[in-house]
Each structure stands twice: as C-alpha cells, then as structure tokens.
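Structure first, then comments.
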Amino acid sequence: MGKVLYNQQFVERSKLIDIEDRGYQFGDGIYEVIGVYDGAFFLLDEHLQRLKRSAKEIQLSLPYELTELKEKLVELVSLNELTDGVVYLQITRGEAERWHHFPHESVTPILIAYTKIEETLDEASKNGASAVLTEDIRWLRCDIKTLNLLPNVIAKQKAVENNAVEAILHRGDVITEASASNVFMVKDGKVFTHPANNYILNGITRQKVLELCDKLQITVQEEAFTIHDLLAADELFITATKLDIVPIIQVDNQPIGSEIPGETTKKIIQAFHSSLQALRIS
C-alpha cells in the first residue's frame, strides 16, 4: 500500500528487486515485522535491536544507523496513513553475481520497508483457537530472523489445511515454537516456554509476555517441555507480533484443559491490552 522505503528514499511500489538480489536467490537477508496500533509503533526499539543482532549473526552491514531507520519507519507509517497493521522491513546482502560466497565489499545491502493493514485476531483471543503438531525441520539457527522460511511455510500450510490457526513445532518429542509464533504452556499456575536458544526465535511479544508475567507475579520456567506435557497442559497460548496472544484450546483435535481460555492466560491478555492502551494514551 502507498509508499515503500527503498534504501533511503520513499518510492512508489514497483519492480524494485533485481533478479540477482541475494535475498531473492539465496534468502540471504533478514527481516522484522513491527506492529502498529492506532498509528503508533509497539516495541519498535526492541524490534530494531533484534534486527541489529540478526545482521551481526550473518555478517551483514546495516545500510544506515538505527536512529535514522527509526525516523524513516515513523515517516513511512505517516505517509501511508497506517492506523492498524504492520511494517514489514527487510534487508538483503544486495545485488551481486550469483556465487554462494559473500560478494565483495562494494556491494550495498538493500533495505525495503512497506506497510500493511492487519487486524488482530480478536475473536480467537477471546474464545481460543485450534492448532496442529508437526515436526520442526528448520535449520539450527532459528534465533536469527532470516528470510529462509520455507519450512515455516510448509508448517503453516498444514495448519490452514486443518482449519487451525497455527502449527506447533517439535524436534523429536520436544516442543520448540510454532510456524510464526512462540508457544507457552500453563500447568498448575506456572507458565512454561522453551528457552531462548538457537532452536527458537526470541519473539518480541514473547519477551513482553515474560515481562508481564513478572509484574503479575506469575512464575515462569524457561525450559523445554514435551508433546505429552503440552497435551496434558491446563492452558496453552501462542504469541506473535499483531497476533498478540491467542489461547489454544485444541491441538490435533485433542482438548487442552477445559477447552476454554484459562484464567492465567486471560490475566496475561488483559495486562497486554493494558500495555497497548498505555501506548494509545501516550
């Protein structure tokens, strides 16, 4: 929609990508999806810090400083008059002759950002949703937010084909995360989630939920849990940018807990909504 941020200019959306862009040919790049509520960014600084980390991990130079990028993204939202949605931000290593190794230093990384109207899943957040299980076949650096998403695409497609909102991933018997979100389990009033290591992406909403649990004095244990643990959980929920927090009340057609959003999950959702309300007031 509207203008696109292409490197340091705002341009009309058109044929912007060269056929030898390394993001197009190798998935050699990184990205972020940043939520916008009532025209304001939510946790923008946290997203940009994760972008910087991802760039460092794949030895990719950012085309300009985060302070300037932040200003550009704010201007992009204003130009496109985005009220509720997301900004998609992507940086590739640039355009170069197709060789697997990194191109020479004169190649300039290419940054693109655009806005997209996207609403939260309010009904699912209120009433709960279903999910499916599928094997986690991704690479071993899931902590880097790269463009290599084909395994996630295949997993999400399985969810869609089964009328589910998400596909929950497992390596062997251990739950990691989901195709496009993080997974939390509640058992006996305690919240469990996989530790933020190389097997999962440390989601920005995930980090916010951990912060809220601390404020709510809800015990959190960042440790691996199994498929059996998940199916025996009292409550289950997923988190992601603009998805926010969605209770999962059924997995592979098996009920989770009482098959309704649980009290602990609802407390966390309420606290999250309060954070968004504070954003609107400011």
Side-chain angles (χ1 to χ4, degrees), residues 1-18 21-24 27-95 106-122 144-147 149 180 201-208 211 239-244 272-282:
M1 58 179 288
K3 299 288 186 179
V4 173
L5 176 60
Y6 182 76
N7 287 338
Q8 293 188 318
Q9 294 182 315
F10 295 103
V11 300
E12 295 295 335
R13 184 170 178 169
S14 59
K15 296 180 180 179
L16 296 171
I17 306 301
D18 186 86
D21 183 280
R22 289 181 62 89
Y24 175 71
D28 188 0
I30 56 176
Y31 77 102
E32 284 289 333
V33 180
I34 310 162
V36 175
Y37 299 79
D38 288 343
F41 279 108
F42 186 55
L43 304 174
L44 174 57
D45 290 335
E46 290 82 349
H47 279 281
L48 293 181
Q49 285 301 318
R50 185 172 64 180
L51 180 80
K52 183 178 180 180
R53 178 188 181 275
S54 293
K56 180 181 178 182
E57 291 298 313
I58 68 167
Q59 301 176 52
L60 174 63
S61 299
L62 295 177
Y64 43 96
E65 295 296 325
L66 292 185
T67 51
E68 184 179 358
L69 176 55
K70 182 176 180 179
E71 293 173 359
K72 292 286 188 182
L73 295 179
V74 171
E75 187 177 355
L76 177 65
V77 167
S78 177
L79 281 173
N80 287 337
E81 300 180 344
L82 180 67
T83 301
D84 285 290
V86 298
V87 168
Y88 177 83
L89 166 64
Q90 172 179 298
I91 305 174
T92 72
R93 205 173 300 276
E95 300 169 3
S106 64
V107 173
T108 303
I110 294 176
L111 182 150
I112 289 178
Y114 63 85
T115 60
K116 177 185 176 185
I117 296 173
E118 189 171 312
E119 298 179 353
T120 54
L121 300 179
D122 291 338
I144 307 172
K145 201 169 178 68
T146 76
L147 304 178
L149 294 173
L201 180 72
N202 190 8
I204 301 303
T205 307
R206 174 189 185 276
Q207 295 173 43
K208 185 64 177 180
E211 176 190 317
T239 64
T241 295
K242 208 59 182 178
L243 177 81
D244 296 344
F272 187 84
H273 287 168
S274 295
S275 297
L276 294 178
Q277 187 61 37
L279 175 73
R280 294 181 176 106
I281 293 172
S282 63

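In this chain, residues are counted from 1 in sequence order.
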Smallest heavy-atom separation, A113 atom then L89 atom, equals CB-CD1, 4.0 Å
Sequence neighbours excluded, the answer for side-chain hydrogen bond (donor to acceptor under 3.5 Å, both in side chains) partners of R206 is N202, E222
Residue pairs meeting salt bridge (charged side-chain N to carboxylate O under 4.0 Å, His left out), one or both in residues 59-72, sequence neighbours left out, come to D45-K70
Taking the side chain as every heavy atom from C-beta outward, state whether E57 and T146 have any pair of such atoms under 4.5 Å apart. no
Across all chains, not counting sequence neighbours, the salt bridge (charged side-chain N to carboxylate O under 4.0 Å, His left out) partners of E95 are none
Those residues at least two apart in sequence (or on a different chain) that pass ring-ring contact (aromatic ring centres under 6.0 Å, His included) with Y6 are none
Taking CZ in F272 as the centre, count heavy atoms belonging to other residues, nucleotides or ligands within less than 6.0 Å. Is the count above 12?
yes
Original post:
Are any non-hydrogen side-chain atoms of D28 and L147 less than 4.5 angstrom apart?
Top reply: no
Ionic contact status for E12 with K3, cut-off 4.0 Å | yes
Salt bridge (charged side-chain N to carboxylate O under 4.0 Å, His left out) filter on E211, not counting sequence neighbours, yields K208, K215
Sorted by chain and residue number, the ring-ring contact (aromatic ring centres under 6.0 Å, His included) partners of Y88 (sequence neighbours excluded) come out as Y31, Y114
The side chain to side chain contact (heavy atoms under 4.5 Å, CB included) partners of I30 (sequence neighbours excluded) come to L51, S54, A55, I58, L60, I91
I'd like to know whether F41 forms a side-chain contact (heavy atoms from CB on, under 4.5 Å) with L48, so could you lay out the CA-CA distance, the side-chain angles of the two residues, the decisive distance to 0.1 Å, and finally the verdict. CA-CA 12 Å; F41 279 108; L48 293 181; over 6 Å; no
Across all chains, not counting sequence neighbours, the salt bridge (charged side-chain N to carboxylate O under 4.0 Å, His left out) partners of D21 are none
| task | Could you check if a side-chain atom of L73 sits within less than 4.5 angstrom of a side-chain atom of I34, using non-hydrogen atoms only? | result | yes
The side-chain hydrogen bond (donor to acceptor under 3.5 Å, both in side chains) partners of S106 (sequence neighbours excluded) come to H104
For T120, the side-chain hydrogen bond (donor to acceptor under 3.5 Å, both in side chains) test, sequence neighbours excluded, returns D122
d(K56 NZ, I144 CD1) to nearest 0.5 Å is 12.0 Å
Would you call D84 and D38 a side-chain contact if the rule is heavy atoms closer than 4.5 Å?
yes
Honestly, is K242 close enough over F42, meaning NZ or CZ under 6.0 Å from the six-membered ring centre and within 45° of the axis? no
Residues pairing under ring-ring contact (aromatic ring centres under 6.0 Å, His included) where one sits in residues 47-79, two or more places apart or in two chains, turn out to be none
Going through the distances and angles, do V4 and F10 end up as a side-chain contact (heavy atoms from CB on, under 4.5 Å)? CA-CA 5 Å; V4 173; F10 295 103; over 6 Å; no
The reported gap from OG1 in T115 to CG in L82 (rounded to nearest 0.5 angstrom) is 5.0 Å
The reported gap from CG in L5 to CG in L69 (rounded to nearest 0.5 angstrom) is 7.0 Å
Is any side-chain heavy atom of I117 closer than 4.5 Å to a side-chain heavy atom of T83? no
Tell me if a side-chain donor or acceptor on N7 pairs with a main-chain N or O of L111 at a distance below 3.5 Å.
yes
| said: Run the side-chain contact (heavy atoms from CB on, under 4.5 Å) test on L121 and D244 for me, step by step, so that the C-alpha distance in whole Å, both residues' side-chain angles and the decisive distance to 0.1 Å come before the verdict. | reply: CA-CA 8 Å; L121 300 179; D244 296 344; over 6 Å; no
query = Is Y24 close to D18 at the side-chain level, that is, under 4.5 Å between some pair of heavy atoms?
reply = no
The reported gap from OG1 in T92 to CZ in R22 (rounded to nearest 0.5 angstrom) is 9.0 Å
Run I204 and R50 through side-chain contact (heavy atoms from CB on, under 4.5 Å) and show every step you take. CA-CA 8 Å; I204 301 303; R50 185 172 64 180; 3.6 Å; yes
Scanning both residues in full, the closest heavy-atom pair of P109 with S61 reads CG-O, 3.1 Å
CD (E32) and CG (L44) are apart, to the nearest 0.5 Å, by 9.5 Å
Residues at least two apart in sequence or cross-chain that pass side-chain hydrogen bond (donor to acceptor under 3.5 Å, both in side chains) with Q59, listed by chain then number, are none
